[in-house]
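Beneath this line is the structure, given in structure tokens, with notes to follow.
Every chain is numbered from 1, with letters handed out A, B, ... down the list of sequences. Just so it is clear, the model here is predicted, and its values are computed rather than measured.
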Amino acid sequence: MEYQIQIAGKTYDLELENHRPEIKIIYRGKPVPYDFKQIHANLYSLILYGKQYRVWLKSAGNGSYNLVLDQTPFTVEVEDERQRLRKSFRTAETKSTGVTEILAPMPGLVSQIEVEADQQVEAGQGLLIVEAMKMENEIKSPVNGTVKKIHVNQGDAIEKDALLLEINEMV
Amino acid sequence: MEYQIQIAGKTYDLELENHRPEIKIIYRGKPVPYDFKQIHANLYSLILYGKQYRVWLKSAGNGSYNLVLDQTPFTVEVEDERQRLRKSFRTAETKSTGVTEILAPMPGLVSQIEVEADQQVEAGQGLLIVEAMKMENEIKSPVNGTVKKIHVNQGDAIEKDALLLEINEMV
Amino acid sequence: MFKKILIANRGEIAVRIIRACHEMGIEAVAIYSEPDRKSLHVQLADEAYLIGPAPALESYLNQEKIIAVIKQCGAEAVHPGYGFLAENSRFAQKLHEHGIKFIGPPAAAIELMGDKMAARKLAGQQKVPTIPGTLEPISSVPEAQKIADEIGYPVLLKAAAGGGGKGMRLIHESSEMEKSFRAAQNEARAAFGDDRVYLEKYLLQPRHIEFQILADKFGNAIHLWERECSIQRRHQKLVEESPSVLLSPELREEMGNAAVRLTRTSGYQNAGTIEFLVDAQLNYYFLEMNTRLQVEHPVTEWVTGLDLVKQQFFIAAGERLSLRQEDVRPNGHALECRVYAEDSGSNFLPSTGEIAYLQEPGGIGVRCDSGIQMGSIVYPYYDSLLAKLIVWAGSRREAIDRMQRALREYLVFGVETTIPFFIRLLENDDFRSGNISTHFLAEHKGLAENGTGNNKSFAGAVSSLIHFNGQKPGSVLHANEGDGSTDSKWKIIGRKEMLV
Amino acid sequence: MFKKILIANRGEIAVRIIRACHEMGIEAVAIYSEPDRKSLHVQLADEAYLIGPAPALESYLNQEKIIAVIKQCGAEAVHPGYGFLAENSRFAQKLHEHGIKFIGPPAAAIELMGDKMAARKLAGQQKVPTIPGTLEPISSVPEAQKIADEIGYPVLLKAAAGGGGKGMRLIHESSEMEKSFRAAQNEARAAFGDDRVYLEKYLLQPRHIEFQILADKFGNAIHLWERECSIQRRHQKLVEESPSVLLSPELREEMGNAAVRLTRTSGYQNAGTIEFLVDAQLNYYFLEMNTRLQVEHPVTEWVTGLDLVKQQFFIAAGERLSLRQEDVRPNGHALECRVYAEDSGSNFLPSTGEIAYLQEPGGIGVRCDSGIQMGSIVYPYYDSLLAKLIVWAGSRREAIDRMQRALREYLVFGVETTIPFFIRLLENDDFRSGNISTHFLAEHKGLAENGTGNNKSFAGAVSSLIHFNGQKPGSVLHANEGDGSTDSKWKIIGRKEMLV
């Protein structure tokens, strides 16, 4: 089975051969010498071409992974050919609606809302202030656009990734 | 329900009262203020009368526990009245047969056997030598008696708690 | 000496104080809020009492409840740590009235030196230079604008009752004053219950250098030399070291003497810190006094060999300082990195969650002061400091190398931390050559971003693929698969492939 | 300096050496046997190679395979740690022939000083006192009995190639000679492949005091002062400290000079240790030289501020010693406890299994050199040393108190360890007053037994009962349930009940 793996802006085409009980990984026609062992829950030790890596690996489902490799974070997508085909199809269908959702980057308290519905905002402009760990953190707009809807009120306690507001992106 | 708990040569009579969702422990007619929380697998934090204990607790089944409390090891027996009755009955039946089993205190290699079958041995006399972690460890007889049977040969690799030999105890 | 001490704090500093208690045979009493029941400081204490729900006002700041617990458990003294009630003179006074020792300065000294403006006045009287600015609180935006025009922009708005960067705002021009003035007042009120703010000239390229002080009730005061804490984000320290590479022996001695002078004249007792800013021309200015144990006290402990918390106990118990100034001879170089639950890649936003995996570094010259263990939950209610990593070595260079090594060993998974940021910081040439100031991060913005780690991406791809296929055993490389020469075949392949 | 070093060892010492590599920007290559694949030393290394199955002879002692891996990975030097190949002159020689640096003394110096009898002769020539005994190997039991009669019982049989207590036997009377002679020969042959044994008089109340040595290839040799290692079991060290409370400044200097003299005349290079016994009358006797890094090197590191492994790298790379004798000024007191996987309650029998839980101590003045992590498996194949706990403080008394604190924090569950033993040892008045000798354990047999911990039995009973009933929530005590006075009702009840 062939796989395409996307990581850090790169794509690797790897092939898996099943020689029970061993699994061979083939890269550019040559077997990759590796040894992968679980140390604790999501922590693994990978020895690859003799090099040793401590790998923190969490599956986000559907072949998506969050990885930390020797203190560097990565996100990874593993896809076989069928999945790749399906996904590219789906992506084409649901092409950007032009709405940017602003999610809470951390749990906290909405201490101030600095914009109103329908207000025009620029990228980098402050939208609201979330207080957490006794610090006020300003959430800024990542895009130019207009405020479509505000989903929270001042004083609300919010969870991480709560939907704070939506912005209609300017094209 | 009333329980008898044996630990470190002492016996505590404790009573459990179920006031859902709380469980009350009664000792000598008075409730015991406690808070017991799991920290990690077998590690717990017990706060009892305000005192804090780190408790390592492993169940050995049937109400038997191995405990380490602030670096001190304990073995504990928890019994309700029914169990106690049954157990005392069983104990009476299977009264000591006078045979002492010598078990391997650690995994290793039998490097020398110092006694023969039917040989008379004294408490403290060396029976055999087990090599582990590059050290020779002499296993000594805990009792006076005669060697009933030797279950291992020189050179055998043994697991922890393997039966090494049996001694007919002298009365 | 005390037989039982209550620690009115949580996290790493509570653990730090418990350790000092245990080394002196003193029983340590912890208090905890509801979500902190399983915290490390509770588990290491001899006794522990629930003090209230999560919000600090209802638990760690609840003076009535804390005093009730002290009475209940029979503690003779209270160590407040830092933050929470550490610089609250009313709490110190209340304890005094109940006959309980406050392990810190007398209430009057907290009030005098804790008021930034009063302290500035005292410094002026003692001929210790202060930063140009106001000596009285500013009541209105126009007044602030007028004064700022006089001393010249940029200026800093600061909370009179402040500390830790709270209620502080930098203002570059008059038009920014209104918004910043309000924000500073609000933050000051929320943090300290006191919204007085004042203005100071904002120095260019300033370095933050502070002197650790010890003073007993017999009027003896000494300093334990300096710490440089110029690496900051949001006016909060990230990295501290001792000694500072900036100071000449003469300047060091002059600043140390100034610090002791201020301490003596303020009637101060116990441990404290006199903070200075030093500009590029080596002018130093008194900034403020911290009337408590500092987060960064371990770097002083390591170069002087003293246990500052034990020294606090001795002083609070009424003992005489056992050291004279000439007995304090610093040795080597110590460095501290503060491990915050923050994502440096996202402007140091707080990160919360469960510590899913933890492996703290060890070995030679490494000290870890940690408030967490595997399974700990990091809540949004309190300060995000998880632990402090401190190293010592014979030289600054070796200390930096050792810190790098320790940071690379340090595994914290489940929340984002400042560890990856420190690894990048310690590789920076300006940092390594000591070319730092409190504006360092603003001037090295790239440091806050997570690297791409390109040379590890192949290892990441392989790891994910193996996991995706259920972690089946790999084709293990045996040493004898090579042909014994340095040119073994797979190795050459390997090297090439890894460079794609 | 080397760019890549292979570490021909495992466990805590491999981790120790990897750390020194990383602090110097050197790539560290680990080797591992099959059961060691998940060991900590593998995970901390930059590269790792499987070297063979569990038995040391087929893995960590397999010189051919190790040299093949060195060639394969391109390492320029090998650090042998202690044990395994550390004192094997043939291995050192073989590396030399392959153009690989052995981070240790030259083969000839290992051969000379590693041979206990040759070293005794050299000491005699250099007017360094030696223990009365034989200078030649003993070939038969009758010969041994004859010599023992001459020098007087008790006597010690020792392996000429020995170290670490292997091949050593104490003989009180002639009748014990036959059995012990065979046992010593067998153990020596198994451990060193060399069954030569010799006899020494057994001193009463001797103290083990050794001097750390550094020597470069230019003929410079210095000592880093002493370590006292008198607390031993089975002739193996358990606790080490520096300085020794026994030595006067004059005696310390005399012994240090003797150690340097022996090092110089033997053509020794790199780090080594000259061991002495000192009797109750303060007579000192050369015991042997250890031609390698010692397990207990961290106590010297902490009082001198030096990194001994880095010093080894510098010397092996051909650099000149950067220190003169007068630059080495020890400071404070350091203490080490060796955490073995052994059950002190069962005569220090080895204990194996999985490390089900691990929490290592931290904080001020504590260093943990560990070879394990949570989930590690302790196998019967290798030495049972899991980790070393080292503390430093300004005084011996404070160091002991700090060690007590750290030991109480140290949680290792899943295997038995020597931690509970150390807690009891450090409470002992004889130990605390420095009244120790190598016979300390034999004279304090009670220390090896686990205590009964009666005052905690009620807490144990309650814990078990709660667990038995499925850990349902307890009746949590809120702080405000007391009436606020020190005489709160439940507290009085509590105290009484706990004393039953």
Side-chain angles (χ1 to χ4, degrees), chain B residues 5 7-10 12 14-60 65-76 78 107 133-134 157, chain C residues 3-7 10 14-15 17-19 21-22 25-53 65-66 68-75 354-360 370-378 413-414:
Chain B
I5 296 151
I7 177 168
K10 288 187 179 167
Y12 293 99
L14 298 179
E15 200 180 326
L16 266 192
E17 277 180 22
N18 207 336
H19 305 273
R20 296 189 186 281
E22 291 208 344
I23 301 286
K24 266 215 168 96
I25 296 181
I26 314 287
Y27 181 58
R28 296 192 179 169
K30 292 174 201 112
V32 175
Y34 75 90
D35 184 33
F36 189 72
K37 289 278 189 298
Q38 188 176 33
I39 301 299
H40 184 278
N42 300 89
L43 184 66
Y44 298 84
S45 163
L46 170 70
I47 300 180
L48 182 69
Y49 299 108
K51 292 253 176 210
Q52 203 284 146
Y53 303 87
R54 305 174 93 177
V55 187
W56 178 255
L57 184 150
K58 277 192 86 165
S59 169
Y65 286 93
N66 292 309
L67 230 76
V68 184
L69 241 146
D70 297 340
Q71 309 282 16
T72 311
F74 292 95
T75 55
V76 190
V78 181
M133 287 169 173
K134 320 226 44 104
Chain C
K3 290 195 174 55
K4 191 184 275 194
I5 290 174
L6 181 136
I7 296 137
R10 64 182 297 285
V15 170
I17 298 161
I18 290 169
R19 285 175 170 149
C21 289
H22 287 170
I26 298 168
E27 284 192 277
V29 181
I31 56 175
Y32 60 96
S33 68
E34 280 164 8
D36 269 343
R37 169 61 182 90
K38 293 168 155 200
S39 294
L40 188 59
H41 81 281
V42 174
Q43 289 172 63
L44 291 180
D46 299 297
E47 300 182 25
Y49 297 91
L50 178 64
I51 198 90
K65 267 200 187 167
I66 292 171
V69 170
I70 295 166
K71 297 274 176 184
Q72 185 179 318
C73 72
E354 187 188 340
I355 305 292
Y357 190 78
L358 178 67
Q359 191 164 338
E360 290 167 349
S370 176
I372 56 169
Q373 64 190 141
M374 217 185 281
S376 292
I377 312 284
V378 183
F413 296 120

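Looking at C/A48, both its backbone and its side chain come within 4.5 Å of chain B, counting heavy atoms on both sides.
Using a 4.5 Å heavy-atom cutoff, the side chains of C/E47 and B/K51 are in contact. Residues B/Q52 and C/L44 are not in side-chain contact: their nearest non-hydrogen atoms beyond the backbone lie 4.5 Å or more apart.
Not counting sequence neighbours, the partners of C/S376 by the side chain to side chain contact (heavy atoms under 4.5 Å, CB included) test are C/I355, C/I372, C/Q373.
Atom NZ of C/K38 sits about 10.0 Å away from atom OH of B/Y44, to the nearest 0.5 Å. If you take CZ on C/R37 and CD1 on B/I39, they are separated by 6.5 Å, rounding to the nearest 0.5 Å.
Closest of all the heavy-atom pairs between C/Y49 and B/Y49 is OH-O, 4.4 Å.
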(request) Apply side-chain contact (heavy atoms from CB on, under 4.5 Å) to the pair C/V42 and B/I47, showing each step before the final yes or no. (result) CA-CA 9 Å; C/V42 174; B/I47 300 180; 4.1 Å; yes

